[in-house]
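Notes follow once the structure below has been shown.
In the text below, chain A, chain B and the rest are named by the order of the sequence lines, each starting its count at 1.
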Number of protein chains: 2
Amino acid sequence: MNENLTIIDIARMAGVSKSTVSRVLNNEPRVKPETKEAVLKVIEESGYFPSEVARTLVKSKSKLVGLITPFQCRSFYRNELFRDAFTGLTQVLKTYDYDIITSSGSGVELDTIQKFVRTYHVCGVILLYTIPDDPSLHYLLENHVPFSVIGACEGFTGINQVTYDYQAAMVEIVDSLLEQNRTRIAFFASDTGLSTTRSYIEGYRTGLERRGMPVLEKYLLDGMEEEQAIYSALRRYQHTHTMPDAIIASDDIICCHLLRFCQEEKIRIPEDMALFSLENGPVNEAVGISCINLDYIRMGNLAGKMLIDTVEHGQTTRIQLNHQLLHRRSSQKSS
Amino acid sequence: MNENLTIIDIARMAGVSKSTVSRVLNNEPRVKPETKEAVLKVIEESGYFPSEVARTLVKSKSKLVGLITPFQCRSFYRNELFRDAFTGLTQVLKTYDYDIITSSGSGVELDTIQKFVRTYHVCGVILLYTIPDDPSLHYLLENHVPFSVIGACEGFTGINQVTYDYQAAMVEIVDSLLEQNRTRIAFFASDTGLSTTRSYIEGYRTGLERRGMPVLEKYLLDGMEEEQAIYSALRRYQHTHTMPDAIIASDDIICCHLLRFCQEEKIRIPEDMALFSLENGPVNEAVGISCINLDYIRMGNLAGKMLIDTVEHGQTTRIQLNHQLLHRRSSQKSS
DNA sequence: TTGAAAGCGCTAACAG
DNA sequence: CTGTTAGCGCTTTCAA
């Protein structure tokens with residue numbers, strides 16, 4: 001009920017010292033059961049909430065997990081990874097009584113991380129993406145800040161990571177497309193700087209080269225999170241009569257645009273064009289788009305659990321989940 | 001560079017007292033320019049970060065905005081509102097140097113809010129949904145905690161709110177459907193307890209009754225965020241030969257399921273069935289689903305700005321944005 | 001098993 | 001314009 005109760009108020013009301021109250025709050029063993037009960041009763045009845053802020057100040061470690069999200073990049077928030085990983089993370093953190101802080105950053109991830117660590121004393125950090133040899137990771141490692149990476153992570157080992165074998169998955173996709181005698185397979189990627197995307201690209205190359213197919217620049221495109229980029233690429237193909245007969249898209253939104261373009265231009269799916277999404281959003285099933293069944297919610301769950309394990313027990317884990325291709329209408333055999 | 005610098009270290013390095021450092025940190029006017037510059041230089045060079053935690057403790061007010069998200073409700077995180085409002089909020093908070101804390105709650109929103117307020121001393125709260133006479137709002141009001149509501153909010157006035165006229169929008173949708181001589185118009189709602197949904201329902205009723213059409217229970221369904229609920233409703237219609245000739249869906253995911261069902265069952269859109277989504281996600285445009293053009297990013301922006309205005313200047317604002325119907329293929333005239 | 005006292009890093013009077 | 005001092009609410013030695 002009451003407003004700004006402090007540990008001292010509780011101590012007074014229970015007739016003990018604030019140290020004792022602190023002890024029961026922290027569930028320390030060296031408290032007489034009866035005392036503990038009495039204190040607990042007072043806490044219960046008074047509606048007292050201990051200040052996480054004060055606790056953080058003295059321990060210089062909070063129960064906040066920093067979630068790094070990019071600066072000024074709408075497309076990121078629109079993809080499945082963000083919301084599903086967020087959901088998974090939220091679920092598991094709730095269980096362990098941690099909370100999430102997301103910062104609105106200043107353009108550079110490292111700044112955000114430093115802010116998390118130095119000004120908010122986060123107990124750990126979750127990274128939804130990394131770049132090769134990521135400076136953020138070096139910072140976290142040097143400063144012994146626990147963290148978990150979701151997705152590929154070039155250049156680091158012995159860290160918390162939950163990932164898929166993106167490269168292998170991509171090879172399988174390319175293979176399945178080649179088996180249908182598709183010869184102009186494009187990859188509309190959305191951020192080729194990220195390690196995860198690089199893995200996909202590696203798989204794309206490998207898949208093609210293994211079958212003796214050339215890797216053409218015009219079919220391996222970056223920056224396709226921009227609507228404009230998609231349509232201008234498509235127009236270019238039209239003008240040069242080099243329209244792909246299969247497109248692999250980094251995310252579902254790109255797929256939606258492709259779908260729309262094909263409808264307008266009377267390009268039949270899958271006869272004239274196969275579509276494959278690297279995300280598994282709700283659209284795909286409804287509209288029959290083939291994709292990989294990456295479980296981002298699970299990744300969020302696991303990444304959160306790993307982080308807590310590091311924070312509380314110093315453990316480090318790496319998990320590689322198994323992927324699976326979901327072949328749907330959009331990538332059926334055309335001829 | 002260095003690790004755990006405090007204000008005292010900076011004071012020593014700059015040859016002043018920590019109060020002075022504090023003053024330049026808080027940009028107080030009463031500091032000699034040269035002193036200020038010297039201190040700033042030391043801060044810059046040392047890589048010092050002031051502790052937001054300590055500051056919060058003494059001011060009992062942080063620069064954290066609490067974002068309430070529901071407990072164990074995946075569908076929520078999957079809808080457009082969450083990610084777009086989050087994006088918009090993030091954008092504006094960045095500008096004013098605030099951050100977001102999201103809590104993983106304990107099942108009841110009020111608990112989460114109390115935790116925000118009492119243990120983290122958030123400077124304000126953003127609500128993405130409310131129920132009529134919401135206890136959370138009463139708590140916030142009573143405790144003078146600044147907050148902004150996104151969406152409808154029954155039972156409260158004089159609060160920060162950014163909303164649309166959901167009821168009017170729904171009337172327009174129903175009208176446009178009736179004009180096409182659709183006579184079995186269903187509304188697949190996703191959470192009829194929320195004020196926003198209630199506004200829509202109000203509009204649904206009004207729209208039908210105005211034209212002398214009955215409001216049938218079987219066509220006004222709740223809980224449709226569950227995939228199962230959607231399909232069982234649809235099956236029921238089939239068995240009783242009462243399949244609607246128009247369905248208005250609370251969100252895009254419901255729409256996707258409807259789309260899928262119609263494809264499988266050879267129900268033609270829009271000939272046999274019109275579809276209208278109450279969200280404006282990326283799918284709609286691609287697949288040609290009619291919808292309202294609600295701008296959730298803008299709502300997030302505005303709600304954040306309002307909150308900051310309240311926190312910093314005690315202002316209160318209510319904004320009702322203008323909606324617009326986006327008529328696409330899924331709701332074209334059938335006959 | 002408990003209490004007293006000393007901080008954690010910062011802000012905010014109050015003097016000077 | 002600047003320094004001194006007293007806390008903010010909590011944890012954590014150290015004694016008792």
Side-chain angles (χ1 to χ4, degrees), chain A residues 2-40 42-43 46-64 114-123, chain B residues 2-40 42-43 46-64 97 114-115 117-123:
Chain A
N2 208 315
E3 284 317 273
N4 289 318
L5 292 173
T6 77
I7 201 172
I8 294 188
D9 298 313
I10 302 302
R12 258 199 283 272
M13 294 164 79
V16 295
S17 77
K18 61 175 184 172
S19 327
T20 303
V21 178
S22 173
R23 287 188 184 105
V24 342
L25 245 25
N26 291 283
N27 210 14
E28 284 176 26
R30 298 160 163 284
V31 182
K32 189 157 56 159
E34 306 142 43
T35 316
K36 179 170 178 177
E37 219 166 303
V39 172
L40 247 21
V42 172
I43 291 178
S46 63
Y48 161 74
F49 279 76
S51 162
E52 202 55 60
V53 175
R55 181 178 285 165
T56 299
L57 180 60
V58 50
K59 302 178 79 149
S60 25
K61 184 162 95 183
S62 69
K63 298 206 81 176
L64 287 177
Q114 286 202 29
K115 187 177 183 189
F116 280 162
V117 174
R118 308 290 274 276
T119 83
Y120 285 114
H121 300 289
V122 298
C123 62
Chain B
N2 208 317
E3 284 318 275
N4 289 318
L5 293 173
T6 77
I7 200 173
I8 294 188
D9 298 314
I10 303 303
R12 256 199 285 272
M13 294 163 79
V16 295
S17 78
K18 61 177 184 169
S19 330
T20 302
V21 178
S22 174
R23 287 188 184 102
V24 343
L25 245 25
N26 291 283
N27 209 17
E28 283 176 30
R30 301 165 159 279
V31 182
K32 186 157 56 163
E34 306 141 41
T35 316
K36 179 170 177 175
E37 218 168 305
V39 172
L40 247 21
V42 172
I43 290 178
S46 63
Y48 161 74
F49 278 76
S51 164
E52 202 54 59
V53 174
R55 179 178 288 166
T56 299
L57 181 60
V58 51
K59 302 179 78 150
S60 27
K61 184 162 98 182
S62 69
K63 298 207 82 178
L64 287 177
D97 205 32
Q114 287 204 28
K115 187 178 183 186
V117 174
R118 308 289 275 276
T119 82
Y120 285 114
H121 299 288
V122 298
C123 60

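Between the P atom of dC1(D) and the NZ atom of Lys36(B) lies a distance of 11 Å, rounded to the nearest Å. Look at CD on Glu28(B): it is 14 Å from C1' on dG3(D), rounded to the nearest Å. We find that CG of Asn4(A) is positioned 10 Å from P of dC10(D), with the value rounded to whole Å. Atom OH in Tyr120(B) sits roughly 18 Å away from atom C1' in dC8(D) (whole-Å rounding). For Arg118(B) and dC8(D), the CZ to C1' distance is 16 Å, given to the nearest whole Å. The separation between Asn26(A) atom CG and dT11(D) atom C1' is 7 Å, rounded to whole Å. The CZ atom of Arg12(B) sits 12 Å away from the P atom of dT4(D) (whole-angstrom rounding).
With respect to the salt-bridge test (charged N to carboxylate O, under 4.0 angstrom), the residues Asp9(A) and Lys18(A) do not qualify.
Mapping Thr35(B) and Lys59(B) onto DNA chain D via the closest heavy atom, the residue that lands nearer the 5' end is Thr35(B). Taking for each of Lys18(B) and Arg55(A) the nucleotide of DNA chain D with the nearest heavy atom, the 5'-most of the two is the partner of Lys18(B). Along DNA chain C, the nucleotide nearest to Leu57(B) and the one nearest to Arg23(B) differ in position, and the one closer to the 5' end is contacted by Leu57(B).
Distance check: Arg55(B) CZ to Lys61(B) NZ gives 12.5 Å after rounding to the nearest 0.5 Å. In this structure, Leu25(B) CG and Ile43(B) CD1 are separated by 5.0 Å, a value rounded to the nearest 0.5 Å.
Contact of Ser22(A) with dT12(D) (side chain to base): no donor-acceptor pair of N or O atoms is detected under 3.5 Å.
Taking both residues in full, the closest heavy atoms of Ser51(A) and Ala54(A) are given as OG-N, 3.0 Å, listed atom of the first, atom of the second, then distance. Shown here for Lys63(B) and Tyr120(A), the closest heavy-atom pair between the two residues is O-OH, 4.0 Å. Between Ile10(A) and Ser46(A), the closest heavy-atom pair is CD1-OG, 3.4 Å.
Checking the phosphate oxygens (OP1, OP2) of dC10(D), a side-chain nitrogen or oxygen of Tyr48(A) falls inside 4.0 Å.
Residue contacts for Val21(A): at a heavy-atom cut-off of 4.0 Å it reaches no nucleic acid atom on any strand shown. Counting non-hydrogen atoms under 4.0 angstrom, Val53(A) reaches nothing in the nucleic acid. Among the protein residues, Thr20(A) comes within range of the sugar-phosphate backbone only, with heavy atoms under 4.0 Å from sugar or phosphate atoms but none that close to a base.
Counting only heavy atoms from C-beta on, Arg30(B) has its side chain closest to dC1(D) among dG9(D), dC14(D), dC1(D). The side chain of Ser51(A) sits closest to dG9(D) out of dT12(D), dG9(D), dT5(D).
Mapping heavy-atom proximity under 4.0 Å, the span of DNA chain C touched by chain A runs 5' to 3' from dT1(C) to dG9(C).
Only one option out of Thr56(B), Val58(B), Thr119(B) pairs with Val53(A) in a side chain to side chain contact (heavy atoms under 4.5 Å, CB included); it is Thr56(B).
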